[in-house]
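For this chain, numbers begin at 1 and follow the sequence in order. Counting convention: from 1, in listed order, for ligands and their atoms alike.
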Amino acid sequence: MVLYDSTRGNNEGISSAEAIKKGISQDGGLFVPRKFETLTIDEIVELSNKSYVDRAVAILKRFLDDFTLEELTECVIRAYRSDKFSHKDIAPLTAINGSLNVLELWHGPTCAFKDMALQILPHFMVKAIEKTGEKREIVILVATSGDTGKAALEGFAGVEGTRIIVFYPENGVSEVQKYQMITQTGDNVKVVGVKGNFDDTQTGVKRIFTDNAIKARMDAKGLMFSSANSINWGRLVPQIVYYFSAYADMIRHNRIAPGEKINFVVPTGNFGNILAGYYAMLMGLPVNKLVCASNDNNVLTDFIRTGTYDKRRQFVKTISPSMDILISSNLERLLYEITDRDHQKVSKWMAQLNENGYYNVGSKVLDKIGKYFWAGWSNQDETLKTIECIYKEYNYVSDTHTAVGIDVYDKYVISTGDLTPTVLVSTASPFKFNDSVCKALFGENEIEGKSEFELIEFLSEKTGWPVPEPLKGLDKKEILHTSVCEKDNMDEMVTNTLGL
Ligand SMILES: *Cc1c(COP(=O)(O)O)cnc(C)c1O
């Protein structure tokens with residue numbers, strides 16, 4: 001069986017069901033699998049004739065082996081359904097020119113890539129509760145930079161045995177993102193705006209998770225916390241699937257030969273998405289380079305280039321808000337693997353980050369990271385120009401996050417000359433961040449005075465791209481959540497909500 005340990009040294013050796021239920025380890029570390037099974041090239045090639053559902057089962061069973069195949073298949077079928085995903089391939093691959101292929105991860109119910117994981121996590125969670133004999137009710141606590149919140153709400157709303165509380169930075173998300181959340185229906189959901197940025201919000205949630213006094217009061221009430229943030233293993237593991245799926249489609253479309261290496265370019269924030277790509281590589285997926293694309297909050301670019309992770313810098317609110325992050329939680333999992341699972345080093349660095357705001361991993365670790373990763377960033381003007389260029393050249397409408405990736409990919413090619421076939425991971429529908437997209441395509445004057453909701457229609461009329469079903473009539477929906485709190489009062493909000 002695949003067992004799970006903490007990155008900070010608690011060798012729990014727990015099952016995947018336990019890891020998914022708990023979310024985060026008692027010692028503050030993240031759960032990681034003790035081993036990565038590898039697939040042969042033949043096994044990977046076989047995936048190319050399969051549906052997304054079958055591909056998912058083939059990958060997930062290598063990690064969630066305490067689930068029966070039947071249980072796993074049921075979770076997968078419930079998650080990747082045609083009434084939830086508007087594209088039959090679930091995660092379609094589109095070629096936009098000779099070497100660049102776009103993996104579109106935004107055909108789900110919230111129009112961003114978080115659906116790929118958050119549509120399945122609740123099903124894992126319910127099964128995990130059953131399997132571990134848990135009697136307490138699960139309370140999912142989420143900090144969101146915009147997309148996770150709605151995706152988690154969509155996933156957990158109405159799921160028996162669970163409640164969900166979502167915190168979002170009040171002024172740090174787009175209007176569309178905000179409306180998606182504050183109009184959420186369901187008896188088991190609560191949505192709260194926080195007066196602070198995403199890092200404040202995430203820090204607040206982490207603090208509540210590790211607050212023993214709150215935990216004791218929860219226990220007394222028959223409640224327990226879990227997490228739907230990308231620190232939860234059940235969030236991360238479904239993301240490994242689409243790296244294999246993209247590779248299988250590259251073979252299916254005859255864009256590569258079996259075994260040929262490819263690059264992935266990933267617009268990155270919390271480092272969950274790109275980490276799943278690294279895990280896929282550990283499982284034998286032929287990967288040349290993982291290109292980590294950041295916006296003005298370029299803490300990861302600096303880290304991957306210098307070995308120093310330094311969060312002591314100005315937080316920048318950008319047009320790609322889901323990547324406005326200065327503390328990339330999942331980097332901890334990469335450091336754990338790269339150091340051959342040296343939990344002492346990892347714990348030391350995380351403590352330094354917490355106490356001093358920075359750490360340095362030294363040249364040996366840096367060299368090893370550089371073998372697999374390349375990093376770059378795109379400022380907001382460059383991102384807007386990229387949206388315009390890609391549309392003019394290829395008639396492809398890209399959202400701001402995806403455009404950060406495309407711009408960084410251009411920089412990668414210029415800097416390295418590497419022409420390896422490449423998959424760009426596209427993380428959101430352009431309709432979700434439509435004000436920036438319209439500004440880039442049609443100019444400031446054309447969009448002046450129009451709300452984000454009017455711009456959805458405008459973008460569709462101008463480009464001929466259809467409005468995604470979940471975004472139709474969003475502003476007409478009833479607002480159900482109006483709570484707002486100070487960043488230091490998040491714990492109070494939780495205890496009040498739960499009646500502790
Ligand atoms: C969450 C998100 C990202 C960042 O992904 P991470 O896994 O946090 O690195 C990028 N783009 C969009 C649209 C997102 O929602």
Side-chain angles (χ1 to χ4, degrees), residues 30 102-119 121 142-154 166 168-169 172-174 176-177 180-181 198-199 201-202 227-233 235-240 242-243 264-280 290-295 297-301 303-304 318-334 373 375 377-378 383 387 398-408 424-434 436-437 468:
L30 311 186
V102 180
L103 175 65
E104 294 176 348
L105 299 179
W106 39 262
H107 292 278
T110 75
C111 306
F113 97 96
K114 306 282 193 298
D115 289 328
M116 299 305 299
L118 280 162
Q119 278 300 309
L121 177 68
V142 179
T144 184
S145 56
D147 291 334
T148 301
K150 177 60 178 180
L153 289 163
E154 271 295 320
V166 171
Y168 69 94
V173 302
S174 78
V176 168
Q177 288 176 319
Q180 282 185 311
M181 290 190 276
F198 173 66
D199 285 319
T201 310
Q202 179 161 256
S227 146
N229 277 97
S230 59
I231 52 176
N232 191 310
W233 177 247
R235 245 310 277 288
L236 205 60
V237 70
Q239 299 184 347
I240 301 172
Y242 53 72
Y243 284 91
F264 286 97
V265 182
V266 189
T268 298
N270 225 352
F271 210 76
N273 197 352
I274 196 167
L275 179 75
Y278 173 73
Y279 282 167
L290 295 162
V291 177
C292 175
S294 299
N295 64 23
N297 297 291
N298 53 5
V299 63
L300 284 166
T301 310
F303 173 68
I304 290 170
T318 74
I319 54 173
S320 45
S322 302
M323 296 159 66
D324 290 348
I325 290 174
L326 292 180
I327 305 169
S328 300
S329 305
N330 270 299
L331 189 62
E332 181 168 347
R333 284 186 163 116
L334 175 70
F373 290 87
W377 64 287
S378 176
T383 305
I387 294 173
S398 144
D399 100 289
T400 48
H401 305 76
T402 306
V404 166
I406 297 172
D407 185 37
V408 170
L424 178 96
V425 179
S426 172
T427 51
S429 156
F431 288 94
K432 207 166 174 180
F433 300 94
N434 52 63
S436 300
V437 172

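In this structure, the protein non-hydrogen atom closest to atom 12 (C) of ligand 1 is Thr427 OG1, 3.4 Å. In terms of protein heavy-atom proximity, atom 4 (C) of ligand 1 is nearest to Gly269 N, 3.5 Å. For atom 6 (P) of ligand 1, the nearest non-hydrogen atom of the protein is Asn270 N, 3.5 Å.
Relative ring orientation between Trp233 and Tyr279 is described as tilted, the plane-to-plane angle lying within the 30° to 60° band.
Numbered from 1 in the order shown, with element, the atoms of ligand 1 that lie under 4.0 Å from a heavy atom of Ala428 read 13 (C). Less than 4.0 angstrom separates some heavy atom of Thr268 from each of these atoms of ligand 1: 9 (O). Set against the non-hydrogen atoms of Gly272, the atoms of ligand 1 under 4.0 Å away are 6 (P), 7 (O), 9 (O). Against a heavy-atom cut-off of under 4.0 Å, Met323 is close to the following atoms of ligand 1: 10 (C).
A donor-acceptor contact shorter than 3.5 Å links the side chain of Asn295 to the backbone of Ser320. Between the side chain of Asp199 and the main chain of Leu326, a donor-acceptor pair closer than 3.5 Å is present. When atom types are taken as modelled, the side chain of Asn229 and the backbone of Ala143 share a donor-acceptor pair closer than 3.5 angstrom. Proximity of a side-chain donor or acceptor of Lys114 to a complementary backbone N or O of Gly149 within less than 3.5 Å is not detected. Remark: side-chain polar atoms of Arg235 are paired, donor with acceptor, to backbone N or O of Ala228 under 3.5 angstrom.
Under the 3.5 Å distance criterion, with hydrogens and angles disregarded, no donor-acceptor pair is assigned to the side chains of Asn330 and Asn270.
Taking distance alone, with nitrogen or oxygen atoms compared against 3.5 Å, Asp147 approaches ligand 1 more closely than that limit.
Residue contacts with ligand 1 for Asn273 involve both N, CA, C or O and side-chain atoms from C-beta outward (heavy atoms, distance under 4.0 Å). The backbone of Phe271, and not its side chain, has at least one atom closer than 4.0 Å to an atom of ligand 1 (non-hydrogen atoms only; backbone = N, CA, C, O).
Comparing Gln177, His401, Lys114, Lys432 by heavy-atom distance to atom 14 (C) of ligand 1, the nearest is Lys114.
The closest approach between any non-hydrogen atom of Pro267 and ligand 1 is below 4.0 Å.
The NE2 atom of His401 sits 6.0 Å away from atom OG1 of Thr427, with the distance rounded to the nearest 0.5 Å.
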